[in-house]
Amino acid sequence: MAIIDLFSKRQKRLRGEYPDVYVYDELPRAFRVQVIHIIKGAIGSSCNSNKIYQVIHDILCQEYGEFRLSDDRFCSIDESILNEFFLNEKSVEKCLDVIEIAFRLIDRIIGDGFKNYNQEYVKDEYKITILPNEAISDLNTRFKEHGIGFQFESSEIICVDSEFIHSEVVKPTLLILRGEQYAGANDEFLNAHEHYRHGLYKECLNDCLKSFESTMRVICNSRGWSVPSNATASKLITTCFDNGLLQPFFDSQINSVKSLLESGVPTIRNKLGGHGQGESPVVVSEHLARYALHLTATTILLLAEADANTTVENN
């Protein structure tokens, strides 16, 4: 079911009542109810659908160290038990767990069914009313409507702090990293987001650098450029430039880009996240970790697109 731009929504926008900044510590009841509607429409109401609800329930119980999500031992395990848990759970992170697992299964089980079987057959088999890609799009729209700083991308919940940066930088980077050759870089980049979401900013910096280095290593290997197995970011950057990955119009431009790459992610990580702290613990601030995430995304995007474009030109 498509999201309707109601009169009341339009009036709120005109009055400027929509939040200007994202929130991360609250999921309003209206949002939770809307998510339940999306999940119900995407999973459906057949016997096969009940199996998916069972899988979601069992995964959460196993990870939480519980036998059931409800204190009622006689309550059947179906969508109602998940809905009750999701509506009443005070922990935002646990609610996001429900969303992530549910939409991951929608994407992979229902979505794969659409790819492998007749679409109408799958819709009838599961009695669904919302297609998997529409469900994910609707979820992300609801996040934005309520000013909640999360999105569902690449089968994971990631933290968002700027809609422009997310749509123009982070999302295209995730799209590129879905390629099989970038599997390692993709895992590291998503891990960096996960660390950021949980306030583990040093770990976030470490995985930013790993993803950055992995991307360059993939490009070097695919092009047959020899680099040591233990090559650092600086060596990988030099190799990419020496082999003309980025074609500058002016010498000053290439020096500026190279300086940005060499002094960006690697330096931040090396100074604050990668070595011994000494007598005083090193504190990595949230805004610095956020900058590293964005810088990593823009750099990976630059390198991957340059690789794709020069490959086309060389052919």
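All of these numbers come straight from a predicted model, not from anything done at the bench. What you see below is based on every heavy atom in this structure, not just the backbone, and it leaves out hydrogens, waters and symmetry mates.
- Inter-residue side-chain proximity for Val98 and Val35 is flagged as unmet; no heavy-atom pair is nearer than 4.5 Å.
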Run the ring pair (Phe, Tyr, Trp, His ring centres under 6.0 Å) test on Phe189 and His193 for me, step by step, so that the C-alpha distance in whole Å, both residues' side-chain angles and the decisive distance to 0.1 Å come before the verdict.
CA-CA 7 Å; Phe189 189 59; His193 276 275; 4.8 Å; yes
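- Here the side chain of Tyr64 pairs no donor or acceptor atom with the backbone of Ile59 at under 3.5 angstrom.
- A chain of hydrophobic side-chain contacts below 4.5 Å, direct or via other Ile, Leu, Val, Met, Phe, Trp or Tyr residues, connects Leu87 to Ile148.
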So Glu213 and Leu209, side chain to side chain contact (heavy atoms under 4.5 Å, CB included) or not? Walk me through it.
CA-CA 6 Å; Glu213 291 177 339; Leu209 179 61; 3.7 Å; yes
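- No side-chain donor-acceptor contact under 3.5 Å links Ser214 to the backbone of Ala185.
- At distances below 3.5 Å, at least one donor-acceptor pair connects side-chain atoms of His57 with backbone N or O atoms of Leu69.
- For the residue pair Cys159 and Phe150, the shortest heavy atom distance occurs at CA-CD2, 4.0 Å.
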Check the pair Arg223, Asp307 against side chain to side chain contact (heavy atoms under 4.5 Å, CB included), reporting the backbone distance first and the verdict last.
CA-CA 9 Å; Arg223 289 173 171 266; Asp307 180 46; 2.6 Å; yes
Just do the side chain to side chain contact (heavy atoms under 4.5 Å, CB included) check on Arg104 and Glu156 with the steps written out, would you?
CA-CA 7 Å; Arg104 186 177 294 169; Glu156 291 194 13; 3.7 Å; yes
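- Within the structure, no pair that satisfies the salt bridge (charged side-chain N to carboxylate O under 4.0 Å, His left out) test touches residues 24-44, not counting sequence neighbours.
- Residues Leu301 and Leu175 fall into different hydrophobic clusters, defined by Ile, Leu, Val, Met, Phe, Trp and Tyr side chains chained together at heavy-atom separations under 4.5 Å.
- Rounded to the nearest 0.5 Å, atoms CG (Leu27) and CD (Glu89) are 10.5 Å apart.
- Atom CG of Asp97 sits about 7.5 Å away from atom OG of Ser91, to the nearest 0.5 Å.
- Counting heavy atoms from C-beta on, the side chains of Ser80 and Glu84 never come closer than 4.5 Å.
- Rounded to the nearest 0.5 Å, atoms CD1 (Ile128) and OG (Ser46) are 9.5 Å apart.
- A 4.5 Å side-chain heavy-atom check between Ile300 and Tyr182 finds every atom pair outside the cut-off.
- Of all heavy-atom pairs between Ile106 and Ile39, the closest is CD1-CA, 4.4 Å.
- Residues Asn140 and Phe103 are not in side-chain contact: their nearest non-hydrogen atoms beyond the backbone lie 4.5 Å or more apart.
- Aromatic pair Phe143/Phe152: ring centres not closer than 6.0 Å.
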Derivation and outcome, side-chain hydrogen bond (donor to acceptor under 3.5 Å, both in side chains), residues Asn50 and Gln54
CA-CA 6 Å; Asn50 290 335; Gln54 176 79 56; over 6 Å; no
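- To the nearest 0.5 Å, atom CG of residue Asn186 and atom CG of residue Asn191 are 9.5 Å apart.
- Closest heavy-atom contact between Ser155 and Glu100: O-CG, 4.1 Å.
- Taking all atoms of both residues into account, the shortest heavy-atom contact from Leu295 to Thr298 is O-OG1, 2.9 Å.
- For Arg142 and Glu145, the salt-bridge test passes: some basic side-chain N is under 4.0 Å from an acidic carboxylate O.
- For Tyr291 and His287, the gap between ring centers reaches or exceeds 6.0 Å.
- Checking Gln34 against His146 by side-chain atom types alone, a donor-acceptor pair falls below 3.5 Å.
- Annotation for Ala192 and Leu293: closest pair CB-CD2, 3.8 Å, computed over non-hydrogen atoms.
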Walk me through it: do Thr299 and Thr296 pass the test side-chain hydrogen bond (donor to acceptor under 3.5 Å, both in side chains)?
CA-CA 5 Å; Thr299 306; Thr296 302; over 6 Å; no
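- Residues Phe86 and Val55 are members of one and the same hydrophobic cluster, defined by side-chain heavy-atom contacts under 4.5 angstrom among Ile, Leu, Val, Met, Phe, Trp and Tyr.
- Of the possible polar contacts, none joining the Ser137 side chain to the Glu134 backbone as a donor-acceptor pair under 3.5 Å is found.
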Under the criterion side chain to side chain contact (heavy atoms under 4.5 Å, CB included), I'd like the reasoning laid out for Glu305 against Ile176: C-alpha separation, chi angles, the key distance, then a yes or no.
CA-CA 9 Å; Glu305 289 185 341; Ile176 285 175; 4.1 Å; yes
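- For the atom pair Leu105 CG and Ile109 CD1, the distance stands at 4.5 Å (nearest 0.5 Å).
- Side-chain atoms of Glu66 do not come within 3.5 Å of backbone N or O of Arg68 as any donor-acceptor pair.
- Rounding to the nearest 0.5 Å places CG of Asp107 at 4.0 Å from CD1 of Ile136.
- Residues Leu302 and Val170 fall within the same hydrophobic cluster, defined by Ile, Leu, Val, Met, Phe, Trp and Tyr side chains chained together at heavy-atom separations under 4.5 Å.
- Nearest heavy-atom pair across Lys235 and Pro228 is CE-CD, 4.2 Å.
- Checked options Thr215, Val227, Ile219; the residue passing with Leu236 is Val227 (criterion: side chain to side chain contact (heavy atoms under 4.5 Å, CB included)).
- No single ILVMFWY cluster, assembled from side-chain heavy atoms under 4.5 Å apart, contains both Ile157 and Leu200.
- Side chains of Ile158 and Leu174 form a contact here, defined as non-hydrogen atoms less than 4.5 Å apart.
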